[in-house]
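Report on the structure given below.
Just so it is clear, the structure is predicted and the values come from calculations on it, not from any experiment. All heavy atoms count here, side chains included; hydrogens, waters and symmetry mates do not.
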There are 2 protein chains.
Amino acid sequence: MPTSRTSVPVPRERGAGSGAQRRQEIVAAAQRLIADKGFEGLRVREVADRVGINIATLHYHFPSKEALVTAVVQDIVGRLDRVPAGDVQPPPPREHLAGHLHHVLDQFERHREQFVVLNELYNRAIRDEALRRVLQASDTAWTDYLVPILRAGRDNGQLRADLDPVAAATLITGFFKSLLFHLGLTPQGARQAADELLRGLDSQETPR
Amino acid sequence: MPTSRTSVPVPRERGAGSGAQRRQEIVAAAQRLIADKGFEGLRVREVADRVGINIATLHYHFPSKEALVTAVVQDIVGRLDRVPAGDVQPPPPREHLAGHLHHVLDQFERHREQFVVLNELYNRAIRDEALRRVLQASDTAWTDYLVPILRAGRDNGQLRADLDPVAAATLITGFFKSLLFHLGLTPQGARQAADELLRGLDSQETPR
DNA sequence: CCTTGTCCATCATCTGCTTGATGGATAGTC
DNA sequence: GACTATCCATCAAGCAGATGATGGACAAGG
């Protein structure tokens with residue numbers, strides 16, 4: 001029985017809660033929490049705490065934990081524009097590829113947290129049908145970006161003549177997906193592996 | 001207050017519980033459960049149910065959930081003898097490598113469940129220091145198995161002259177670690193990717 | 001009688017979610 | 001301008017179910 005109500009409802013903090021903005025805040029906190037503790041360790045209470053709001057308020061914005069998780073997934077996947085907007089003058093395939101690899105590797109070093117969450121997502125997708133479809137679509141887009149480059153490189157002689165573009169795309173995407181699972185890998189080691197991957201695609205006759 | 005005790009304690013079932021044997025049974029059930037639902041979905045109650053024993057009995061054998069998980073980890077890691085006992089006459093490096101890749105791929109297709117659990121382990125290792133050390137040791141053993149083969153292949157001309165053995169080993173192990181994260185990958189696609197990986201290591205002058 | 005293995009019942013805690021209430025802001029009406 | 005209604009965002013408190021763990025008892029075998 002609430003006999004006394006000592007604390008007054010906090011007036012909406014300025015800069016904090018304009019609905020969508022507040023929701024974004026919550027999603028961001030949830031992402032950080034997932035990066036810290038994994039999906040296993042995601043507690044709505046702690047998300048609320050990190051944002052500095054009451055659990056009920058969180059549930060006001062996200063009716064269920066699942067809704068929150070869905071928002072997190074959408075946010076992360078939405079950020080997954082790994083396919084850069086078409087360069088005006090795309091470089092030759094081999095350089096295009098190298099640029100892409102180093103770009104993603106850069107992202108990995110700079111925004112490791114997001115890769116951790118993404119990793120959690122992929123892990124979850126093994127058992128979650130809906131999530132699997134979402135990520136699979138994103139994977140398809142990624143592959144569809146890579147395959148033409150690989151094919152062009154093979155056809156113009158920069159890459160191996162016997163290159164299987166789809167298989168090579170699988171190797172490339174798999175390389176990034178596995179990054180977090182190389183437990184002792186240094187950034188330098190990762191770059192060396194990426195370079196090795198590139199050399200494996202190269203035509204050996206092509207001077208580099 | 002237990003006023004009546006209607007049910008009689010079941011006499012120990014024969015063939016069931018000789019200590020170590022019972023423990024192994026529990027660990028196996030836990031592994032299946034983890035494969036089904038992930039670590040996130042591991043409940044000691046359900047493990048007990050699957051084994052057909054009471055929760056208290058499970059806690060008799062494993063004083064805590066953590067102890068059970070530790071046993072599961074040890075069991076899986078102990079099974080991680082990916083390095084076959086030295087063949088009497090090891091084949092030439094290139095064939096040795098190809099054999100290894102196809103062997104692991106075979107294991108993946110046949111014992112996918114164990115790979116799922118292993119995947120959970122790697123995911124966990126990102127945050128769990130102790131587990132990370134264990135898996136890292138296993139990774140090191142794997143790399144130490146691959147690197148000499150790669151080096152020998154490079155030196156005898158079967159593999160590329162500019163091959164970086166350590167980086168290549170990272171690619172190979174990473175390929176397997178990423179398998180479950182290729183959400184739409186068919187067994188055939190996996191084999192094609194493995195072959196592409198091998199071709200990338202090959203010296204192109206060497207007839208195959 | 002001691003050890004091993006088992007069970008039933010229960011506990012304490014965690015966790016997702018709900019309830020009922022509060023105050024600020026905004027808009028319409030007098 | 002003052003009053004009223006309504007909406008939005010928030011909170012304190014609490015519930016119900018799940019979950020890891022414990023206590024105490026019992027049987028069987030040595």
Between [X] and [N], does any side-chain N or O lie under 4.0 Å from OP1 or OP2?
X	N	answer
N54(A)	dA12(D)	yes
R22(B)	dT4(C)	no
H61(A)	dT10(D)	yes

Between [atom2] of [N] and [atom1] of [X], the distance in whole Å:
X	N	atom1	atom2	answer
H59(B)	dG24(D)	NE2	C1'	17 Å
E40(B)	dT19(D)	CD	C1'	15 Å
L58(B)	dA21(D)	CG	P	10 Å
F62(A)	dT10(D)	CZ	P	12 Å
Q21(B)	dT6(C)	CD	C1'	16 Å
L68(B)	dA21(D)	CG	P	10 Å
E46(A)	dG16(C)	CD	P	11 Å

| query | For I53(A), which contact category applies under a 4.0 Å heavy-atom criterion: base, sugar-phosphate, or nothing? | reply | sugar-phosphate
Select base, sugar-phosphate, or nothing to describe what L42(B) touches, counting heavy atoms under 4.0 Å on all strands.
sugar-phosphate
Per nearest nucleotide of DNA chain D, the residue lying toward the 5' end, G52(A) or R45(A), is G52(A)
Does one side chain, of Q158(B) or E95(B), offer a donor that lies under 3.5 Å from an acceptor on the other?
yes
With a 3.5 Å distance limit and no angle check, can you tell me whether E120(A) reaches the backbone of F39(A) through a side-chain donor-acceptor pair? yes
Margin query: If we ignore hydrogens and angles and just use 3.5 Å, is the side chain of R94(B) paired with the main-chain N or O of P91(B) as donor and acceptor?
Written below: no
Checklist entry - Between the side-chain atoms of R43(B) and the base atoms of dG20(D), is any donor-acceptor pair under 3.5 Å? => result no
May I have the list of side-chain donor-acceptor pairs in residues 180-193 of chain B shorter than 3.5 Å, sequence neighbours left out?
unit_1  : atom_1 : unit_2  : atom_2 : d
H182(B) : NE2    : S178(B) : OG     : 3.4
T186(B) : OG1    : G189(B) : N      : 2.9
R191(B) : NH1    : E109(B) : OE1    : 3.4
R191(B) : NH1    : E109(B) : OE2    : 2.9

Among [options], the one nearest [X] by side-chain distance:
X	options	answer
T57(B)	dC17(C), dT10(D), dC7(C)	dC7(C)
K65(B)	dC17(C), dG20(D), dA12(D)	dG20(D)
Y60(A)	dA9(D), dG20(D), dG5(C)	dA9(D)

Whichever of A56(A) and V44(A) has its nearest DNA chain C nucleotide further upstream toward 5':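 That would be V44(A).
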Task: Validation row, ring centre Y145(A) to ring centre H96(A) under 6.0 Å - done: yes
